[in-house]
Amino acid sequence: MADKNHLYLVDGSAYIFRAYHRLPPLTDPEGTPVGAVYGYTTMLWKLADDLDAAEGPTHLAVILDKSGRSFRNDIYPEYKANRPPAPEDLVPQFPLIRDATRAFSLECIEEEGLEADDLIASYARKAAADGWDVTIVSSDKDLMQLVSEGDDSTGRIDMLDTMKNQRISIPEVEEKFGVGPELVGDVLALMGDTADNIPGIFGVGPKTATKLIQEHGNLTAALDSAPDMKKSKLKERLLEHRADAELSRVLVTLKEDCDLPVALEDFKLDGVPPEPLAAFLQKHGFTSLLRRLDAGSGSPERPTNLNPAKPVTAGVAGDEHGNRQDVPEMPAVDRSAYECVQDRAALDRWIEKCLAARIVAVDTETSGLDAMQAELVGISLATGPNEACYIPLAHHNEGGGGSDMFAEKPKQIDRDEALEALRAMLASDSVIKIGQNIKYDLNVLARYGVEVTPIDDTMIISFALDAGRGEAGIGGGHGMDELSVRHLGHTPLSFKEICGTGKKAIPFGEVALDRATEYAAEDADVTWRLHKHLKPRLAIEGGSKVYERVDRPLIPVVAQMERHGIKVDHAQLAKLSGDFATEIGKLETQIHQDAGEEFTIGSPKQLGTILFEKLGHKGGRKGKSGQYSTDQSVLEKLAGDGAEIATRVLEWRQLSKLKSTYTDALQAAINPETGRVHTSYSLVGAQTGRLSSTDPNLQNIPIRTEIGRQIREAFVAEPGNVLLAADYSQIELRLAAHMADVPSLKEAFKEGEDIHARTAKEMYGEVDRDTRAKAKTINFAILYGISRWGLAGRLGVEPDEAQEVIDTYFARFPGIQNYISETLMAVKERGYSETLFGRKTWFPRINSKNQAERQGSERAAINAPIQGTSADIIKRAMARMMPTLDDAGLGHVKMLLQVHDELVFELPEGDVEAASTVIEKVMAEAAEPAVKLSVPLGIDIGSGNSWGAAH
DNA sequence: GATGTCACG
DNA sequence: GACGTACGTGACATCA
């Protein structure tokens, strides 16, 4: 037994921030992020375990920050004002820190209006005055003011940085600040602190601050000396910012006389009761700690290491194919267990249940599929298997929809009242809301003024784990019904079963409540189960990084872009439609004349018969269907041979395409409420990690031809605003240069050269129109996975010659060949490719015996890391864009569209210059700090009244 | 629902 | 001797 009391004061809040950034984003079996909690738990364990050590604690307490505000904000409103909000997967861990502390049966101290530092200072001084030794477990430099030696009647105070495993006493403080603890506050007041937004003296850093205090003895003396200094920048600054320094001195002073809410004696450590601790470790899947607890039979044995890699989850492992692993023990789906919530009391009970569960699956039912127009009909919630409910909000009796105003409505809570009741829970940091494609629900609820955060998405998790694993022909493979069958072995009720199909289909709001409850609550239940099943796999299979750091943060960002929409000029589109129609009519007449009969030009089959049988043009059959090919390349060939009908069909096709797909469809896509066009982005649409855009697709608006470009002119800004387009220049080639480590290409990009010209020079020795065009083709061939036949077709040469070109390329650009073979080897071995940010794409047919299938997979596998890395980069830029613009006072700038390597914004004309600077910086630096590229990322920016003019 | 074609990066 | 040849998407028209 130590004969002297030794109090440990743990700076819990500061610790978890550091643990969060140091540890991987682990999740517990329920999917709650717990990386920081795990770090914190092991740290407490280690401290509590030192009970009998010479320097170990006899008393211990954890001190936390209660809220953001303290008395310092009253003195200086900007105090800590520039702190970014905590990362969203850290937020739900704050309450868990308290749980962890209680699990160790330790005291947890926090007081409204006081920062942890102040409580620590007060307790430390009191304990030292009583003759106790004190160790502050923190590395916060502000707390270094407290370090002292002690004497006969007072104890000593030192600090312990558990991450560096370093004791901090007076010599360490002097080494860091050049002065003793009593003068640390003076140094801090001069240098300021950007993290806390303490001003200090502008332009004075740690070096100068220390020197001034050393020379003059204290802050006041240093400031007083300024008028006598010889003329210098420093003198000016000291004179000009004296008030800042004095204010800072007050801010950095710790309040050492706080009322102490718990007496020192109550911090006594006398062993950790094992039961609550075991329950806590069990709940969060800290299995290795649990084993140690069992082994030590109540007295925690010192952990052998702090490596958190293993204990993350409770024994869920993926099999080779990621399907049907050990399904966590869950009862079978029982639809009769679901509750239909029809009154406030029941709703309030469910809200309490969600708050207690901290993790809840949410699903909205609506009157349609368009998140920007559909009406909210009901909400379902699930807090566990078979623990689910449906809250109808806008149901009317079957068949009575709209036609009979007096039709009786089923009993349900008023929609506004229910949303008001749910609002706090849906926005609560301590409750994670899980959805299956939650972007849809985010947008529906946002239209009713309800925010949902933080979120998790089983569809996106599935994509992070299993992109590309779907069978051929099955689109995506991340839909709920499919996931449910694959992972839970359960087929949920289908929408068709409930609402019918075709003409007989009824809107969901007319479905009887018992059926609606079964369907809707089951969706939430299944989502909850999928989450429990899939989330732990992320950490095990290495999907956490890309999910947590790239895709999950993107969900609300993309949702907002969809809600913004973009304005299109209806009148201009209508005019174009008219012009196109006239021209199409003329061409049609001429084509029929050329053919000598009327036929359906849009039918490739009829056209083929006309061209190749009736008119006797040459051109082979194609494909297993035995049909004539009439595509662009075939028609161009015929046109080259002088067949006017082919020229006219090509023109007809172009105009028909533009009219039907763009000028007509876009007019119809204008949302009547907002007057804008709202696309829907899919985050799981492309196996490589790219987004895709539907309803309408705004990622394929014409630009390559003059006639098509007119359509871009119809995408416009609101009056007084402009559209700004920022795109990455040649990003995929740049990434190829980096990833394959090709010296001459990297050099060319660093020098800002025209990359195709550079390639032409290397390949052919001279640069002209012709060689540059060829070089461009070759560069793309490389990105897409080359074959001699493919390249031969593009270059118009024989395959043998194409092979020579390829050989020359490999010789001139060493690294490429190696990249290709290494990539293929890795994919054949592991089954997946990986981007620089760790995004996996699976290639189940890479080892196929079918040559076509295999070679197709090989080409895709060569391309996927490049295309995917490019997608990761622009996604990171998107996630950072609005916060960064906001910091620059440009929070009103709207990010509207993403087109793979381009972002489109709408903003007041006067802000173009300022916004361009920020946008370019965010995009150019988007890979960092996770990845340091050896080539710069070039950004082109333009703006104008229309999207066309912005290019 | 499959097929062919063509708009984009 | 072929796979009928570049990677990744989505929308539309036609036709079975």
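Naming convention: chains lettered A, B, ... in sequence-line order (proteins, then strands); numbering from 1 in each chain.
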| message | Assess whether a salt bridge exists between Lys439(A) and Glu562(A), defined as any Lys/Arg side-chain N lying under 4.0 Å from an Asp/Glu carboxylate O. | response | yes

What's the [atom1]-[atom2] distance between [X] and [N], to the nearest Å?
X         : N      : atom1 : atom2 : value
Tyr784(A) : dT9(C) : OH    : C1'   : 11 Å
Arg854(A) : dG4(C) : CZ    : P     : 14 Å
Tyr628(A) : dT5(B) : OH    : P     : 14 Å
Asn697(A) : dC6(B) : CG    : C1'   : 12 Å
Glu651(A) : dC6(B) : CD    : P     : 14 Å
Ile862(A) : dG8(C) : CD1   : P     : 11 Å
Asn700(A) : dT9(C) : CG    : C1'   : 8 Å
Ile782(A) : dG8(C) : CD1   : C1'   : 18 Å

Measure from the side-chain heavy atoms of [X] and tell me the nearest of [options].
X         : options                 : value
Arg690(A) : dC3(C), dT9(C), dG9(B)  : dG9(B)
Pro702(A) : dG10(C), dC6(B), dA7(B) : dA7(B)
Ser692(A) : dT9(C), dC6(B), dG8(C)  : dT9(C)
Ala852(A) : dC3(C), dA6(C), dT5(B)  : dC3(C)
Gln687(A) : dT9(C), dG8(C), dC8(B)  : dT9(C)
Asp631(A) : dC6(B), dG9(B), dA7(B)  : dC6(B)
Thr777(A) : dC8(B), dA6(C), dG8(C)  : dA6(C)

| Do the side chain of Arg859(A) and the base of dG8(C) come within less than 3.5 angstrom through a donor-acceptor pair of N or O atoms? | no

| When you look at Lys849(A) and Glu853(A), which way does the salt bridge (charged side-chain N to carboxylate O under 4.0 Å, His left out) test go after all the steps? | CA-CA 8 Å; Lys849(A) 293 195 177 54; Glu853(A) 215 169 51; over 6 Å; no

| field | Nucleic acid contacts - residues 655-670 of chain A versus DNA chain B, non-hydrogen atoms under 4.0 Å | value | Lys657(A), Tyr662(A)

Taking the [atom1] atom in each of [N] and [M], what is the distance between them to the nearest angstrom?
N      : M      : atom1 : result
dA2(C) : dA7(B) : C1'   : 32 Å
dG4(B) : dT5(C) : P     : 11 Å
dA6(C) : dG1(B) : C1'   : 28 Å
dT5(B) : dG4(C) : P     : 14 Å

| said: Between Arg854(A) (side chain only) and Ile846(A) (backbone N and O only), is there a donor and an acceptor less than 3.5 Å apart? | reply: no

| query | With no hydrogens and no angle check, is any side-chain donor or acceptor of Arg690(A) less than 3.5 Å from a backbone partner on Ala871(A)? | reply |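 Pair absent, no side-chain N/O of Arg690(A) close to backbone of Ala871(A).
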
| Does dA6(C) have OP1 or OP2 sitting under 4.0 Å from an N or O in the side chain of Ser787(A)? |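 No, outside the criterion.
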
| query | Taking only N and O in the side chain of Arg704(A), is any of them less than 4.0 Å away from OP1 or OP2 of dA7(B)? | reply |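 No, because none of the side-chain N or O atoms of Arg704(A) sits under 4.0 Å from OP1 or OP2 of dA7(B).
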
| Does the gap between the ring centers of Phe463(A) and His478(A) come in under 6.0 Å? |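 Yes, close enough.
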
If you look at every strand shown and take non-hydrogen atoms under 4.0 Å, does [X] touch a base, only sugar-phosphate, or nothing?
X         : result
Asp695(A) : sugar-phosphate
Ile786(A) : nothing
Gln632(A) : sugar-phosphate
Arg794(A) : base
Ile703(A) : sugar-phosphate
Thr630(A) : sugar-phosphate
Ala781(A) : base

| Nucleotide opposite dT3(B) in a Watson-Crick or G-U pair, distances under 3.5 Å | dA13(C)

| query | Whom does dC3(C) pair with, Watson-Crick or G-U wobble, provided both distances fall under 3.5 Å? | reply | none

| Pi-cation contact, Tyr832(A) with Lys840(A) (under 6.0 Å, within 45°) | yes

| task | By nearest nucleotide on DNA chain C, pick out whichever of Asn850(A) and Asn863(A) is the more 5' one. | result | Asn850(A)

| request: On DNA chain C, check which nucleotide each of Gly790(A) and Phe843(A) is closest to and give me the residue with the more 5' one. | output: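 The 5'-side residue here is Gly790(A).
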
Just by distance, no angles: are the side chains of [X] and [Y] close enough, under 3.5 Å, to form a donor-acceptor pair?
X         : Y         : answer
Ser693(A) : Thr679(A) : yes
Gln803(A) : Asp807(A) : yes
Gln572(A) : Gln710(A) : no

| query | How far does CG of Leu650(A) sit from CG of Asp631(A), to the nearest 0.5 angstrom? | reply | 9.5 Å

| said: Any heavy-atom pair between the side chains of Val904(A) and Leu698(A) that's under 4.5 Å? | reply: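 No. Closest side-chain heavy atoms not under 4.5 Å.
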
| task | Tell me which residues in residues 595-608 of chain A put a heavy atom below 4.0 Å from DNA chain C, sorted by number, or none. | result |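 Listed by number, they are Thr600(A), Gly602(A), Ser603(A), Lys605(A), Gln606(A).
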
| Considering residues at least two apart in sequence or located in another chain, which fulfil the side-chain hydrogen bond (donor to acceptor under 3.5 Å, both in side chains) criterion with Lys774(A)? | none

